Amino acid sequence: MENKNYSVVVLAGGLGSRYNGQKQVDTVGPNGEALMEFAFYDALESGANHVVFIINDQITEETKELLQKPLRERGIKVDFCEQRMQDFVPEEFQDLVPKRLKPWGTGHAVLAASEVLHQPFVVMNADDYYGKHTFEIAHQLVKDNKIDESHYALISFVLNNTLSDNGSVSRGVCKVEDGKLVKIDELTKIEKKEDGKIYFTSEETGEDFELAPESKVSMNFWVLHPSIIQKLQEDFDAFFKRIENKEKQEFYLPKHIDRLIQKDDVTVWVEQSNADWFGMTYPEDREIVVNELKERAEKGEYPAPLWK
C-alpha cells in the first residue's frame with residue numbers, strides 16, 4: 001500500500017561547541033520560536049506525521065514540552081531519543097566511552113532512534129533552515145514509492161548558497177551522475193577567500209583546494225528507509241576497528257551512506273532544492289537567521305506566531 005506519510009528525525013543533540021551554547025533551541029523566530037520549528041511547520045504541510053528529536057542530556061523537560069506541545073496538538077506523534085555515549089558500542093570497546101570528548105557523530109545519532117522508526121524518514125539538522133520546497137521534494141519521493149530498502153535520497157543545495165560569512169563550514173560535496181549520488185566527500189574548513197573563490201583546506205597537508213561555487217552539497221537532509229538501521233549498526237561495529245583516534249573520530253551518516261554506494265548496496269537519488277538555505281554555525285550567524293525569519297513572516301510565508 002502506498003505510504004504517503006513520513007517521519008522527521010531532528011539532529012538536536014550537538015553540543016554546539018562553535019556556537020557556544022544550545023543553538024538548537026535558541027529563540028530566533030519573530031515570536032520566540034526555535035529555528036527547527038519552521039522546519040516542522042513545513043514538514044507538517046507536506047505529509048509528515050511523526051517527529052523524532054535526537055537529544056542530549058542538556059535539554060530540559062521544559063524545553064521538550066515547548067517543542068512537542070504544538071506538534072501533539074496537531075495530532076503529530078513525537079518521540080525524544082537521547083544519544084547516549086555508551087549505546088550501540090560493542091562490549092569490547094565500552095572502555096572508550098569515558099574517554100570520548102564528544103558524541104560519536106550523526107550516524108550514531110540516527111541509531112538512537114532505531115526503536116521508533118517504522119516508515120520512510122527525513123534526517124535534518126536542528127540548526128539549518130531548509131525551506132518548504134525541500135520538504136515537498138521529500139514528500140513526493142515518498143508518495144512515488146521511490147524510498148525503499150535499496151533506494152534512498154539526498155536533497156542537495158548549491159555550495160555557494162550555504163557558506164557562512166563568519167568562518168569556515170563543513171559540507172558533503174557530491175558527485176552526481178544521471179540523478180544518482182556516485183560519491184560524497186565530507187570536507188571541512190570550506191570558506192570563501194579574499195579572491196572571491198571558494199576553497200577547502202586539507203586537514204592532512206594544510207593545502208587549499210578550489211571548489212566550484214555551483215557544486216552540489218549535502219546539508220544533511222536525507223530521505224531514508226528504516227532498513228538503514230541494521231546497516232548502520234553493522235558499520236558502526238566496523239567503525240571501531242578501522243579508526244585510529246578513538247577519542248575524537250566520528251561516525252558520520254554521509255560517510256556511511258557513501259560506503260553503501262561504493263558497495264552497490266543502495267542507490268541514492270539526488271534532488272536539488274530551490275529553497276534558500278541559512279543556518280547557525282557561529283554566534284554571529286544568529287542575526288542573519290533572525291532577520292531572515294522575520295522577513296518570511298512579514299511576507300506571509302509563515303503565520304506569526306507560527307503556531308496559532
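For clarity, every value in this text was computed on a predicted model and none was experimentally measured.
- Contact check on Asp208 versus Lys193 returns a salt bridge, with a Lys/Arg side-chain nitrogen under 4.0 Å from an Asp/Glu carboxylate oxygen.
- Between the side chains of Thr201 and Glu207, no donor N or O sits under 3.5 Å from an acceptor N or O.
- Arg100 contributes no side-chain N or O that, together with a main-chain N or O of Leu96, makes up a donor-acceptor pair within less than 3.5 Å.
- By the 4.5 Å heavy-atom criterion applied to side chains, Val142 and Phe121 are not counted as neighbours.
- For the residue pair Asp144 and Gln140, a side-chain donor N or O sits within less than 3.5 Å of a side-chain acceptor on the partner.
- Using modelled atom types and a 3.5 Å distance limit, the side chains of Asp148 and His225 yield no donor-acceptor pair.
- Taking the ring centre of Trp269 as origin, the terminal cationic atom of Lys180 falls outside the region bounded by 6.0 Å and 45° from the ring axis.
- With hydrogens and angles ignored, the 3.5 Å screen pairs a side-chain donor or acceptor of Thr106 with a backbone N or O of Leu253.
- Both tests pass for Lys64 against the ring of Phe80: distance under 6.0 Å to the centre and angle within 45° of the axis.
- Counting heavy atoms from C-beta outward, His151 and Lys146 have side chains that stay 4.5 Å or more apart.
- Donor-acceptor pairing under 3.5 Å is recorded for the side chains of Gln262 and Asp258.
- Screening Tyr41, Phe40, Phe221 for a ring pair (Phe, Tyr, Trp, His ring centres under 6.0 Å) with Tyr130, the sole residue that qualifies is Phe221.
- Within 6.0 Å of CD on Glu73 lie more than 12 heavy atoms contributed by other residues, nucleotides or ligands.
- Under the 4.5 Å side-chain criterion, counting only non-hydrogen atoms from C-beta, Val158 is not in contact with Trp277.
- Val173 and Val182 sit in two unconnected hydrophobic clusters of ILVMFWY residues. Membership requires side-chain heavy atoms under 4.5 Å apart, directly or through other members.
- Glu247 CD: more than 12 foreign heavy atoms inside a 6.0 Å radius.
- Checked against a 6.0 Å centroid threshold, the rings of Phe209 and Tyr199 do not count as neighbours.
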Show your reasoning for whether ring-ring contact (aromatic ring centres under 6.0 Å, His included) applies to Phe251 and Phe239.
CA-CA 7 Å; Phe251 181 60; Phe239 165 80; 5.5 Å; yes
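- The shortest side-chain heavy-atom distance between Asn220 and Asp128 does not fall under the 4.5 Å cut-off.
- Between Ile184 and Lys175 the shortest side-chain heavy-atom distance does not fall below 4.5 Å.
- Phe93 and Tyr252 fall into different hydrophobic clusters, where Ile, Leu, Val, Met, Phe, Trp and Tyr residues are linked whenever their side-chain heavy atoms come under 4.5 Å apart, directly or through other members.
- Within the 4.5 Å cutoff, the side chain of Val9 has no heavy atoms near those of the Val122 side chain.
- A cation-pi arrangement, defined by a distance under 6.0 Å to the six-membered ring centre and an angle within 45 degrees of its axis, is absent between Arg72 and Trp307.
- Of the inter-residue distances, the one linking Gln233 atom CD with Phe88 atom CZ reads 6.5 Å to the nearest 0.5 angstrom.
- Between the side chain of Asp235 and the main chain of Lys231, no donor-acceptor pair closer than 3.5 Å is present.
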Tell me, with the steps shown, if Ser46 and Glu136 meet side chain to side chain donor-acceptor pair (under 3.5 Å).
CA-CA 6 Å; Ser46 59; Glu136 289 173 347; over 6 Å; no
List the steps, then state whether side chain to side chain donor-acceptor pair (under 3.5 Å) holds for Ser202 with Glu204.
CA-CA 5 Å; Ser202 169; Glu204 287 79 18; 3.3 Å; yes
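- Between Tyr129 and Phe278, the ring-plane angle classifies as parallel under the 30° and 60° cut-offs.
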